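One structure is given here, and the rest of the page talks about it.
Please read all numbers here as calculations on a predicted model, not as lab measurements. Chain letters run A, B, ... following the sequence lines, proteins first and then strands; every chain starts at 1.
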Amino acid sequence: MPIMNQSPDPILSLSAAGFRSGQRWLVRSVDLSISAGEICTLIGPNGSGKSTTVKMACGVLKPHEGQVWRKPNLSIGYVPQKLAIGANMPLNAVRFMRVGTGSSKRAIDEALELVGLSNHRSRPVHAMSGGEFQRLLIARAIARNPDLLVLDEPVQGVDFSGEIEIYTLINQIRDEKNCGILMVSHDLHIVMASTDTVVCLNGHVCCTGSPSHIINDPAYVQLFGERAAGTLALYTHHHDHTHNDDGSVEACSHDH
Amino acid sequence: MITDWLDDFFIRALLTGVGIALMAAPMGCVVIWRRMSYFGDTLAHSALLGSVIAYSLSIPPVAGVFLTASTVAVALFIAQRQAYLSNDALLGILSHSALAISLIAIALMPNFRGNLLGFLFGDILTVSAQDVGLVWLALVVAIVALWRIWDQLMVATISRELAATEGSHPERTELAFMLLIAAVIAVSMKLVGVLLITALLIIPAAAARRFARSPEQMAYYAAAIGSVSAIGGLTLSLYLDTPSGPSIVAIALVCFLASLAKPIEA
(Lines give C-alpha, C1' and ligand atoms only; values in the text may rest on other atoms or scores of the structure.)
Protein backbone atom coordinates (compact mmCIF):
# COMPACT_ATOMS: atom_id res chain seq x y z
CA MET A 1 0.00 0.00 0.00
CA PRO A 2 1.60 3.26 -1.05
CA ILE A 3 2.06 5.80 1.67
CA MET A 4 0.02 8.74 0.46
CA ASN A 5 1.55 12.06 1.14
CA GLN A 6 -0.84 13.70 3.58
CA SER A 7 1.11 16.91 3.35
CA PRO A 8 0.20 19.78 5.62
CA ASP A 9 1.01 22.38 3.01
CA PRO A 10 0.38 21.25 -0.57
CA ILE A 11 1.41 23.80 -3.18
CA LEU A 12 0.75 21.88 -6.37
CA SER A 13 -1.26 18.85 -7.32
CA LEU A 14 -2.14 17.03 -10.51
CA SER A 15 -5.14 14.76 -10.53
CA ALA A 16 -5.77 12.37 -13.39
CA ALA A 17 -3.97 14.81 -15.65
CA GLY A 18 -3.28 13.84 -19.25
CA PHE A 19 -1.91 15.53 -22.35
CA ARG A 20 -2.12 14.39 -25.94
CA SER A 21 -0.41 15.40 -29.14
CA GLY A 22 -2.90 14.89 -31.96
CA GLN A 23 -4.57 11.56 -31.25
CA ARG A 24 -1.72 10.15 -29.20
CA TRP A 25 -1.64 10.52 -25.42
CA LEU A 26 1.82 11.50 -24.29
CA VAL A 27 0.88 10.89 -20.69
CA ARG A 28 -2.37 10.09 -18.87
CA SER A 29 -3.80 9.65 -15.40
CA VAL A 30 -1.03 11.45 -13.58
CA ASP A 31 -1.64 12.03 -9.88
CA LEU A 32 0.96 13.79 -7.87
CA SER A 33 1.19 16.35 -5.13
CA ILE A 34 4.02 18.46 -3.80
CA SER A 35 4.27 20.40 -0.56
CA ALA A 36 6.66 23.06 0.61
CA GLY A 37 10.03 21.57 1.46
CA GLU A 38 9.39 18.36 -0.43
CA ILE A 39 11.53 16.99 -3.25
CA CYS A 40 9.56 15.01 -5.77
CA THR A 41 11.38 13.31 -8.63
CA LEU A 42 9.92 12.00 -11.86
CA ILE A 43 11.70 9.03 -13.34
CA GLY A 44 10.94 6.86 -16.34
CA PRO A 45 12.30 5.84 -19.71
CA ASN A 46 12.59 8.21 -22.67
CA GLY A 47 9.20 9.15 -24.04
CA SER A 48 7.45 8.24 -20.81
CA GLY A 49 5.97 11.72 -20.42
CA LYS A 50 8.28 13.21 -17.79
CA SER A 51 8.83 16.54 -19.50
CA THR A 52 5.17 16.72 -20.52
CA THR A 53 4.15 16.20 -16.90
CA VAL A 54 6.54 18.90 -15.76
CA LYS A 55 5.18 21.30 -18.36
CA MET A 56 1.61 20.62 -17.23
CA ALA A 57 2.68 21.28 -13.65
CA CYS A 58 4.24 24.61 -14.64
CA GLY A 59 1.32 25.69 -16.78
CA VAL A 60 3.31 25.67 -20.04
CA LEU A 61 0.94 22.98 -21.31
CA LYS A 62 -2.76 22.81 -20.47
CA PRO A 63 -3.93 19.27 -19.66
CA HIS A 64 -6.49 17.75 -22.03
CA GLU A 65 -8.01 15.79 -19.18
CA GLY A 66 -7.84 15.93 -15.41
CA GLN A 67 -6.85 18.91 -13.30
CA VAL A 68 -3.77 20.80 -12.31
CA TRP A 69 -4.12 22.77 -9.11
CA ARG A 70 -1.59 25.38 -8.12
CA LYS A 71 -1.72 27.32 -4.89
CA PRO A 72 -2.97 30.82 -5.69
CA ASN A 73 -0.10 33.15 -6.68
CA LEU A 74 2.31 30.23 -6.67
CA SER A 75 5.61 31.45 -8.03
CA ILE A 76 7.55 28.91 -10.05
CA GLY A 77 11.25 28.88 -10.73
CA TYR A 78 11.81 26.83 -13.84
CA VAL A 79 15.07 25.31 -15.04
CA PRO A 80 14.39 24.09 -18.56
CA GLN A 81 15.94 21.16 -20.33
CA LYS A 82 18.62 21.66 -22.98
CA LEU A 83 19.02 25.38 -22.97
CA ALA A 84 21.99 27.00 -24.61
CA ILE A 85 22.58 30.65 -25.34
CA GLY A 86 24.64 31.22 -28.44
CA ALA A 87 27.55 33.61 -28.74
CA ASN A 88 25.47 35.83 -31.00
CA MET A 89 23.78 37.32 -27.93
CA PRO A 90 25.99 39.36 -25.61
CA LEU A 91 24.69 38.49 -22.17
CA ASN A 92 26.58 38.26 -18.91
CA ALA A 93 25.55 36.23 -15.89
CA VAL A 94 23.93 39.07 -13.95
CA ARG A 95 22.02 40.44 -16.92
CA PHE A 96 20.78 36.93 -17.72
CA MET A 97 19.47 36.59 -14.17
CA ARG A 98 17.68 39.92 -14.31
CA VAL A 99 16.10 39.80 -17.75
CA GLY A 100 12.39 39.16 -17.48
CA THR A 101 12.58 38.38 -13.77
CA GLY A 102 13.07 41.80 -12.23
CA SER A 103 15.11 40.11 -9.49
CA SER A 104 16.77 42.57 -7.12
CA LYS A 105 20.52 42.97 -6.96
CA ARG A 106 20.52 41.48 -3.48
CA ALA A 107 18.51 38.41 -4.53
CA ILE A 108 20.85 37.92 -7.48
CA ASP A 109 23.96 38.20 -5.31
CA GLU A 110 22.58 35.74 -2.77
CA ALA A 111 21.58 33.24 -5.44
CA LEU A 112 24.97 33.45 -7.15
CA GLU A 113 26.62 32.96 -3.77
CA LEU A 114 24.50 29.89 -3.08
CA VAL A 115 25.36 28.22 -6.39
CA GLY A 116 29.02 29.19 -6.12
CA LEU A 117 29.18 31.60 -9.03
CA SER A 118 29.90 34.83 -7.15
CA ASN A 119 33.09 35.34 -9.12
CA HIS A 120 31.37 34.92 -12.46
CA ARG A 121 28.98 37.87 -12.32
CA SER A 122 30.17 39.56 -15.49
CA ARG A 123 31.17 36.50 -17.49
CA PRO A 124 29.36 36.06 -20.82
CA VAL A 125 26.96 33.14 -20.46
CA HIS A 126 27.98 31.57 -23.77
CA ALA A 127 31.50 31.11 -22.41
CA MET A 128 30.34 29.13 -19.37
CA SER A 129 30.79 25.38 -19.07
CA GLY A 130 27.76 23.07 -19.01
CA GLY A 131 27.90 22.72 -15.23
CA GLU A 132 28.37 26.43 -14.61
CA PHE A 133 25.52 27.36 -16.90
CA GLN A 134 23.26 24.81 -15.26
CA ARG A 135 24.03 26.33 -11.85
CA LEU A 136 23.41 29.78 -13.30
CA LEU A 137 19.98 28.63 -14.50
CA ILE A 138 19.24 27.37 -10.99
CA ALA A 139 20.45 30.68 -9.55
CA ARG A 140 18.16 32.58 -11.92
CA ALA A 141 15.24 30.46 -10.79
CA ILE A 142 15.88 30.79 -7.04
CA ALA A 143 16.59 34.53 -7.18
CA ARG A 144 12.88 34.87 -7.97
CA ASN A 145 12.27 33.33 -4.56
CA PRO A 146 9.94 30.61 -5.91
CA ASP A 147 7.50 28.53 -3.91
CA LEU A 148 8.18 25.71 -6.32
CA LEU A 149 11.43 24.98 -8.12
CA VAL A 150 11.05 22.84 -11.23
CA LEU A 151 14.07 21.24 -12.85
CA ASP A 152 13.87 19.28 -16.09
CA GLU A 153 16.92 16.98 -16.16
CA PRO A 154 19.18 19.37 -14.31
CA VAL A 155 22.35 17.34 -14.83
CA GLN A 156 22.11 16.77 -18.55
CA GLY A 157 25.46 17.45 -20.17
CA VAL A 158 27.16 17.80 -16.79
CA ASP A 159 30.08 15.57 -15.79
CA PHE A 160 29.90 13.23 -12.81
CA SER A 161 31.42 15.47 -10.15
CA GLY A 162 29.31 18.35 -11.45
CA GLU A 163 26.26 16.13 -11.07
CA ILE A 164 26.95 15.46 -7.39
CA GLU A 165 27.45 19.20 -6.85
CA ILE A 166 24.13 20.01 -8.48
CA TYR A 167 22.18 17.43 -6.49
CA THR A 168 23.84 18.62 -3.29
CA LEU A 169 22.89 22.15 -4.26
CA ILE A 170 19.26 21.17 -4.87
CA ASN A 171 19.06 19.66 -1.37
CA GLN A 172 20.66 22.74 0.09
CA ILE A 173 18.11 24.94 -1.68
CA ARG A 174 15.26 22.88 -0.26
CA ASP A 175 16.71 23.20 3.24
CA GLU A 176 17.40 26.92 3.02
CA LYS A 177 14.41 28.11 1.03
CA ASN A 178 11.88 25.49 2.10
CA CYS A 179 10.43 25.49 -1.40
CA GLY A 180 8.89 22.48 -3.07
CA ILE A 181 11.06 20.88 -5.73
CA LEU A 182 9.85 18.94 -8.74
CA MET A 183 12.51 17.44 -10.94
CA VAL A 184 13.03 15.02 -13.75
CA SER A 185 15.99 12.75 -13.49
CA HIS A 186 17.60 9.79 -15.18
CA ASP A 187 20.03 9.13 -12.44
CA LEU A 188 18.35 6.61 -10.16
CA HIS A 189 21.31 6.33 -7.80
CA ILE A 190 21.31 9.95 -6.77
CA VAL A 191 17.55 10.27 -7.03
CA MET A 192 17.07 7.61 -4.44
CA ALA A 193 19.53 9.23 -2.09
CA SER A 194 18.04 12.69 -2.13
CA THR A 195 14.34 12.51 -2.84
CA ASP A 196 11.27 12.39 -0.64
CA THR A 197 8.88 11.12 -3.26
CA VAL A 198 9.51 9.31 -6.49
CA VAL A 199 6.95 9.17 -9.26
CA CYS A 200 7.74 6.53 -11.82
CA LEU A 201 6.21 7.29 -15.23
CA ASN A 202 5.74 5.25 -18.34
CA GLY A 203 2.93 7.01 -20.18
CA HIS A 204 1.04 6.80 -16.88
CA VAL A 205 2.09 6.59 -13.25
CA CYS A 206 3.58 3.14 -12.71
CA CYS A 207 4.17 3.61 -9.04
CA THR A 208 4.69 6.39 -6.60
CA GLY A 209 6.01 6.73 -3.07
CA SER A 210 9.18 7.02 -1.05
CA PRO A 211 12.39 5.70 -2.64
CA SER A 212 12.52 2.73 -0.31
CA HIS A 213 8.94 1.88 -1.15
CA ILE A 214 9.44 2.36 -4.88
CA ILE A 215 12.39 0.04 -5.33
CA ASN A 216 10.33 -2.90 -4.13
CA ASP A 217 7.34 -2.10 -6.26
CA PRO A 218 6.85 -4.75 -8.96
CA ALA A 219 6.03 -2.07 -11.55
CA TYR A 220 9.34 -0.35 -10.88
CA VAL A 221 11.26 -3.61 -11.06
CA GLN A 222 9.58 -4.39 -14.33
CA LEU A 223 10.41 -1.00 -15.78
CA PHE A 224 14.00 -0.64 -14.68
CA GLY A 225 15.09 -4.22 -14.13
CA GLU A 226 16.20 -6.30 -11.19
CA ARG A 227 19.56 -4.70 -10.75
CA ALA A 228 18.11 -1.25 -10.23
CA ALA A 229 15.81 -2.68 -7.61
CA GLY A 230 18.25 -4.88 -5.75
CA THR A 231 20.64 -2.10 -4.87
CA LEU A 232 20.51 1.63 -5.00
CA ALA A 233 23.11 1.27 -7.71
CA LEU A 234 23.71 3.31 -10.81
CA TYR A 235 20.94 3.47 -13.32
CA THR A 236 21.31 0.46 -15.54
CA HIS A 237 18.40 0.46 -17.87
CA HIS A 238 17.51 -2.97 -19.24
CA HIS A 239 17.97 -2.81 -22.97
CA ASP A 240 16.60 -6.20 -23.84
CA HIS A 241 15.55 -5.41 -27.38
CA THR A 242 16.34 -3.16 -30.31
CA HIS A 243 14.12 -1.53 -32.87
CA ASN A 244 14.53 -2.23 -36.58
CA ASP A 245 14.06 0.47 -39.18
CA ASP A 246 10.49 -0.66 -39.80
CA GLY A 247 9.74 -0.40 -36.10
CA SER A 248 9.67 -4.13 -35.41
CA VAL A 249 11.36 -5.34 -32.26
CA GLU A 250 14.33 -7.64 -32.23
CA ALA A 251 15.73 -9.34 -29.15
CA CYS A 252 19.33 -8.53 -28.35
CA SER A 253 21.76 -11.35 -28.97
CA HIS A 254 24.49 -9.94 -26.77
CA ASP A 255 24.78 -9.01 -23.12
CA HIS A 256 24.85 -5.43 -21.91
CA MET B 1 13.19 76.77 -41.33
CA ILE B 2 12.71 73.05 -41.16
CA THR B 3 10.46 73.19 -44.21
CA ASP B 4 13.23 75.01 -46.11
CA TRP B 5 15.60 72.25 -45.18
CA LEU B 6 13.17 69.63 -46.26
CA ASP B 7 13.13 71.26 -49.71
CA ASP B 8 16.56 69.80 -50.24
CA PHE B 9 16.17 66.22 -51.46
CA PHE B 10 19.51 65.23 -49.95
CA ILE B 11 18.51 66.39 -46.47
CA ARG B 12 15.28 64.44 -46.82
CA ALA B 13 17.26 61.39 -47.87
CA LEU B 14 19.64 61.74 -44.92
CA LEU B 15 16.79 62.14 -42.43
CA THR B 16 15.08 59.08 -43.89
CA GLY B 17 18.26 57.03 -43.89
CA VAL B 18 19.18 57.85 -40.30
CA GLY B 19 15.60 57.31 -39.10
CA ILE B 20 15.49 53.88 -40.69
CA ALA B 21 18.96 52.99 -39.40
CA LEU B 22 17.91 53.86 -35.83
CA MET B 23 14.75 51.77 -36.16
CA ALA B 24 16.47 48.83 -37.82
CA ALA B 25 19.33 48.66 -35.30
CA PRO B 26 17.62 47.13 -32.24
CA MET B 27 15.39 44.98 -34.43
CA GLY B 28 18.36 43.74 -36.39
CA CYS B 29 19.97 42.66 -33.12
CA VAL B 30 16.88 40.64 -32.22
CA VAL B 31 16.79 39.18 -35.75
CA ILE B 32 20.37 37.99 -35.25
CA TRP B 33 19.70 36.58 -31.77
CA ARG B 34 16.62 34.75 -32.98
CA ARG B 35 18.27 33.60 -36.24
CA MET B 36 15.49 35.18 -38.25
CA SER B 37 17.35 36.83 -41.12
CA TYR B 38 15.65 34.64 -43.70
CA PHE B 39 12.35 35.75 -42.19
CA GLY B 40 13.29 39.35 -43.03
CA ASP B 41 14.02 38.30 -46.60
CA THR B 42 10.66 36.58 -46.87
CA LEU B 43 8.78 39.67 -45.74
CA ALA B 44 10.83 41.79 -48.12
CA HIS B 45 9.97 39.53 -51.04
CA SER B 46 6.32 39.90 -50.17
CA ALA B 47 6.86 43.67 -50.20
CA LEU B 48 7.14 43.59 -53.95
CA LEU B 49 3.69 42.01 -54.10
CA GLY B 50 2.50 44.72 -51.72
CA SER B 51 3.69 47.48 -54.01
CA VAL B 52 2.00 45.87 -56.99
CA ILE B 53 -1.26 45.59 -55.07
CA ALA B 54 -0.92 49.19 -53.88
CA TYR B 55 -0.27 50.33 -57.45
CA SER B 56 -3.32 48.58 -58.83
CA LEU B 57 -5.56 49.82 -55.99
CA SER B 58 -4.07 53.33 -56.06
CA ILE B 59 -3.23 53.26 -52.33
CA PRO B 60 0.15 54.38 -50.91
CA PRO B 61 2.85 51.73 -51.47
CA VAL B 62 3.73 51.81 -47.74
CA ALA B 63 0.21 50.69 -46.88
CA GLY B 64 0.25 47.93 -49.50
CA VAL B 65 3.63 46.65 -48.35
CA PHE B 66 2.72 46.71 -44.67
CA LEU B 67 -0.47 44.82 -45.52
CA THR B 68 1.24 42.01 -47.42
CA ALA B 69 4.24 41.83 -45.09
CA SER B 70 2.05 41.54 -42.00
CA THR B 71 -0.19 39.00 -43.75
CA VAL B 72 2.86 36.88 -44.51
CA ALA B 73 4.07 37.31 -40.91
CA VAL B 74 0.73 36.14 -39.52
CA ALA B 75 0.59 33.25 -42.03
CA LEU B 76 4.01 32.13 -40.91
CA PHE B 77 3.08 32.52 -37.25
CA ILE B 78 0.09 30.22 -37.76
CA ALA B 79 2.00 27.75 -39.95
CA GLN B 80 4.71 27.43 -37.29
CA ARG B 81 2.23 25.75 -34.97
CA GLN B 82 2.37 22.55 -36.98
CA ALA B 83 5.42 20.38 -36.79
CA TYR B 84 5.58 18.75 -40.21
CA LEU B 85 7.48 21.45 -42.07
CA SER B 86 10.44 23.23 -40.60
CA ASN B 87 10.62 26.97 -40.38
CA ASP B 88 13.06 27.41 -43.23
CA ALA B 89 10.91 25.30 -45.56
CA LEU B 90 7.87 27.44 -44.69
CA LEU B 91 9.87 30.60 -45.30
CA GLY B 92 11.07 29.27 -48.63
CA ILE B 93 7.50 28.51 -49.70
CA LEU B 94 6.18 31.91 -48.63
CA SER B 95 9.06 33.96 -49.94
CA HIS B 96 9.29 32.44 -53.39
CA SER B 97 5.54 32.22 -53.92
CA ALA B 98 5.21 35.92 -53.07
CA LEU B 99 8.00 36.75 -55.49
CA ALA B 100 6.55 34.61 -58.27
CA ILE B 101 3.07 36.07 -57.88
CA SER B 102 4.39 39.62 -57.87
CA LEU B 103 6.51 39.04 -60.98
CA ILE B 104 3.46 37.70 -62.80
CA ALA B 105 1.41 40.67 -61.65
CA ILE B 106 4.13 43.08 -62.79
CA ALA B 107 4.24 41.45 -66.24
CA LEU B 108 0.49 41.97 -66.55
CA MET B 109 0.82 45.67 -65.70
CA PRO B 110 3.09 47.27 -68.32
CA ASN B 111 2.95 50.72 -66.71
CA PHE B 112 4.42 49.41 -63.47
CA ARG B 113 7.60 48.10 -65.04
CA GLY B 114 9.29 51.50 -65.13
CA ASN B 115 9.29 51.62 -61.33
CA LEU B 116 10.73 48.17 -60.89
CA LEU B 117 14.39 49.13 -60.38
CA GLY B 118 13.34 51.64 -57.75
CA PHE B 119 11.42 48.98 -55.87
CA LEU B 120 14.30 46.56 -56.05
CA PHE B 121 17.15 48.88 -55.12
CA GLY B 122 15.65 51.99 -53.58
CA ASP B 123 14.67 55.30 -55.09
CA ILE B 124 15.86 57.98 -52.75
CA LEU B 125 15.14 60.85 -55.11
CA THR B 126 11.42 60.28 -54.70
CA VAL B 127 11.47 60.58 -50.89
CA SER B 128 9.02 63.36 -50.00
CA ALA B 129 8.74 65.47 -46.85
CA GLN B 130 5.74 63.33 -46.04
CA ASP B 131 7.86 60.18 -46.29
CA VAL B 132 10.37 61.68 -43.85
CA GLY B 133 7.56 62.37 -41.41
CA LEU B 134 6.25 58.84 -41.80
CA VAL B 135 9.69 57.31 -41.13
CA TRP B 136 10.19 59.32 -37.96
CA LEU B 137 6.67 58.61 -36.77
CA ALA B 138 7.29 54.91 -37.41
CA LEU B 139 10.59 55.21 -35.56
CA VAL B 140 8.94 56.61 -32.43
CA VAL B 141 6.14 54.04 -32.49
CA ALA B 142 8.55 51.16 -33.14
CA ILE B 143 10.98 52.17 -30.38
CA VAL B 144 8.20 52.58 -27.83
CA ALA B 145 6.69 49.22 -28.81
CA LEU B 146 10.05 47.50 -28.76
CA TRP B 147 10.92 49.06 -25.42
CA ARG B 148 7.78 47.58 -23.92
CA ILE B 149 8.41 44.04 -25.15
CA TRP B 150 12.23 44.11 -24.98
CA ASP B 151 12.79 41.99 -21.87
CA GLN B 152 10.03 39.56 -22.73
CA LEU B 153 11.40 39.25 -26.24
CA MET B 154 14.80 38.36 -24.83
CA VAL B 155 13.42 35.73 -22.46
CA ALA B 156 11.32 34.27 -25.28
CA THR B 157 14.47 34.20 -27.42
CA ILE B 158 16.41 32.40 -24.70
CA SER B 159 13.60 29.91 -24.03
CA ARG B 160 9.89 30.01 -24.78
CA GLU B 161 9.21 27.67 -21.87
CA LEU B 162 11.12 29.86 -19.48
CA ALA B 163 9.04 32.82 -20.65
CA ALA B 164 5.79 30.88 -20.27
CA THR B 165 6.53 29.73 -16.70
CA GLU B 166 7.46 33.25 -15.74
CA GLY B 167 4.04 34.48 -16.71
CA SER B 168 4.69 36.20 -20.01
CA HIS B 169 3.18 35.20 -23.34
CA PRO B 170 6.08 34.35 -25.66
CA GLU B 171 3.88 33.78 -28.72
CA ARG B 172 2.18 37.14 -28.35
CA THR B 173 5.56 38.81 -27.96
CA GLU B 174 6.91 37.05 -31.04
CA LEU B 175 3.92 38.03 -33.15
CA ALA B 176 4.28 41.66 -32.08
CA PHE B 177 7.92 41.59 -33.08
CA MET B 178 7.11 40.08 -36.48
CA LEU B 179 4.63 42.90 -37.13
CA LEU B 180 7.28 45.46 -36.17
CA ILE B 181 9.61 43.97 -38.76
CA ALA B 182 6.81 44.25 -41.32
CA ALA B 183 6.50 47.95 -40.45
CA VAL B 184 10.25 48.56 -40.84
CA ILE B 185 10.21 46.88 -44.21
CA ALA B 186 7.26 48.97 -45.35
CA VAL B 187 8.87 52.29 -44.47
CA SER B 188 12.40 51.46 -45.63
CA MET B 189 11.49 50.14 -49.05
CA LYS B 190 11.97 53.47 -50.81
CA LEU B 191 15.38 53.98 -49.30
CA VAL B 192 17.07 50.63 -49.84
CA GLY B 193 14.69 48.64 -52.01
CA VAL B 194 13.14 45.28 -51.21
CA LEU B 195 16.21 43.23 -52.08
CA LEU B 196 18.45 44.89 -49.52
CA ILE B 197 16.23 45.55 -46.51
CA THR B 198 17.47 42.52 -44.60
CA ALA B 199 21.04 43.72 -45.06
CA LEU B 200 20.12 46.97 -43.34
CA LEU B 201 18.71 44.99 -40.43
CA ILE B 202 21.51 42.54 -39.88
CA ILE B 203 24.80 44.01 -41.10
CA PRO B 204 25.02 46.96 -38.63
CA ALA B 205 23.90 44.64 -35.80
CA ALA B 206 26.48 42.05 -36.79
CA ALA B 207 29.17 44.75 -36.94
CA ALA B 208 28.17 45.84 -33.42
CA ARG B 209 28.39 42.37 -31.91
CA ARG B 210 32.11 42.29 -31.11
CA PHE B 211 32.02 45.61 -29.29
CA ALA B 212 28.94 44.91 -27.20
CA ARG B 213 28.91 43.54 -23.68
CA SER B 214 25.14 43.67 -23.23
CA PRO B 215 22.12 43.35 -25.50
CA GLU B 216 21.40 47.06 -25.18
CA GLN B 217 24.96 48.04 -26.05
CA MET B 218 24.70 45.96 -29.18
CA ALA B 219 21.56 47.88 -30.17
CA TYR B 220 23.20 51.28 -29.51
CA TYR B 221 26.34 50.42 -31.47
CA ALA B 222 24.23 49.03 -34.29
CA ALA B 223 22.30 52.31 -34.38
CA ALA B 224 25.56 54.26 -34.64
CA ILE B 225 26.99 51.99 -37.33
CA GLY B 226 23.71 52.02 -39.24
CA SER B 227 23.53 55.83 -39.17
CA VAL B 228 27.12 56.13 -40.37
CA SER B 229 26.32 53.68 -43.17
CA ALA B 230 23.22 55.62 -44.18
CA ILE B 231 25.00 58.98 -44.25
CA GLY B 232 28.09 57.54 -45.95
CA GLY B 233 26.11 55.55 -48.48
CA LEU B 234 23.87 58.47 -49.42
CA THR B 235 26.88 60.77 -49.81
CA LEU B 236 28.52 58.17 -52.03
CA SER B 237 25.32 57.94 -54.00
CA LEU B 238 25.17 61.73 -54.37
CA TYR B 239 28.71 62.15 -55.70
CA LEU B 240 29.15 58.96 -57.71
CA ASP B 241 25.53 58.65 -58.79
CA THR B 242 25.37 55.09 -57.45
CA PRO B 243 22.02 53.59 -56.37
CA SER B 244 21.24 54.61 -52.78
CA GLY B 245 20.36 51.21 -51.27
CA PRO B 246 23.39 49.28 -52.48
CA SER B 247 25.66 52.20 -51.46
CA ILE B 248 24.34 52.15 -47.89
CA VAL B 249 24.72 48.38 -47.68
CA ALA B 250 28.27 48.60 -49.07
CA ILE B 251 29.30 51.09 -46.37
CA ALA B 252 27.70 48.86 -43.72
CA LEU B 253 29.70 45.95 -45.07
CA VAL B 254 32.92 48.00 -44.76
CA CYS B 255 32.00 48.68 -41.10
CA PHE B 256 31.36 44.97 -40.54
CA LEU B 257 34.69 43.97 -42.10
CA ALA B 258 36.46 46.60 -39.98
CA SER B 259 34.79 45.17 -36.86
CA LEU B 260 36.45 41.82 -37.55
CA ALA B 261 39.75 43.42 -36.57
CA LYS B 262 38.55 43.48 -32.97
CA PRO B 263 39.46 40.23 -31.21
CA ILE B 264 36.61 38.19 -29.74
CA GLU B 265 36.39 38.27 -25.96
CA ALA B 266 36.38 35.00 -24.13
Counting only non-hydrogen atoms closer than 4.5 Å, does [X] touch chain A with its backbone (N, CA, C, O), its side chain (CB onward), both, or neither?
X      : answer
B:R35  : side chain
B:E216 : side chain
B:E166 : both

Closest non-hydrogen atom pair, [X] against [Y]:
X      : Y      : answer
B:A219 : B:W150 : CB-CH2, 4.5 Å
B:A182 : B:A69  : CB-CB, 3.7 Å
B:P243 : B:S247 : O-OG, 2.6 Å
A:R70  : A:I76  : CD-CD1, 3.9 Å

### Message
With a 4.5 Å cut-off on side-chain heavy atoms, are A:I166 and A:L151 touching?
### Response
no
Per side chain to side chain contact (heavy atoms under 4.5 Å, CB included), A:I181 is matched among A:T195, A:I170, A:L148 by A:I170
- Task: Would you check if there is a donor-acceptor pair between the side chains of A:Y78 and B:S159 at a distance under 3.5 Å?
- Result: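 Result is no, nothing qualifies.
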Contact list (residues 56-67 of chain A to chain B, heavy-atom gap under 4.5 Å, by number) returns A:C58, A:V60
Cut-off 4.5 Å, heavy atoms of chain B, and the answer for A:R123 is neither
With under 30° as parallel and over 60° as perpendicular, where do the rings of B:F211 and B:Y221 fit, or are they tilted in between?
perpendicular
Sidechain-backbone polar pair: B:R209 side chain, A:A87 backbone, donor-acceptor under 3.5 Å: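 Side chain of B:R209 to backbone of A:A87: a pair is present.
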Among A:K55, A:R144, A:R98, A:Q81, the residue with the most heavy-atom pairs under 4.5 Å to chain B is A:R144
**Request:** Give the member of A:P90, A:G100, A:G102, A:G86 that has the highest number of heavy-atom pairs under 4.5 Å with chain B.
**Result:**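 Most heavy-atom pairs under 4.5 Å with chain B: A:P90.
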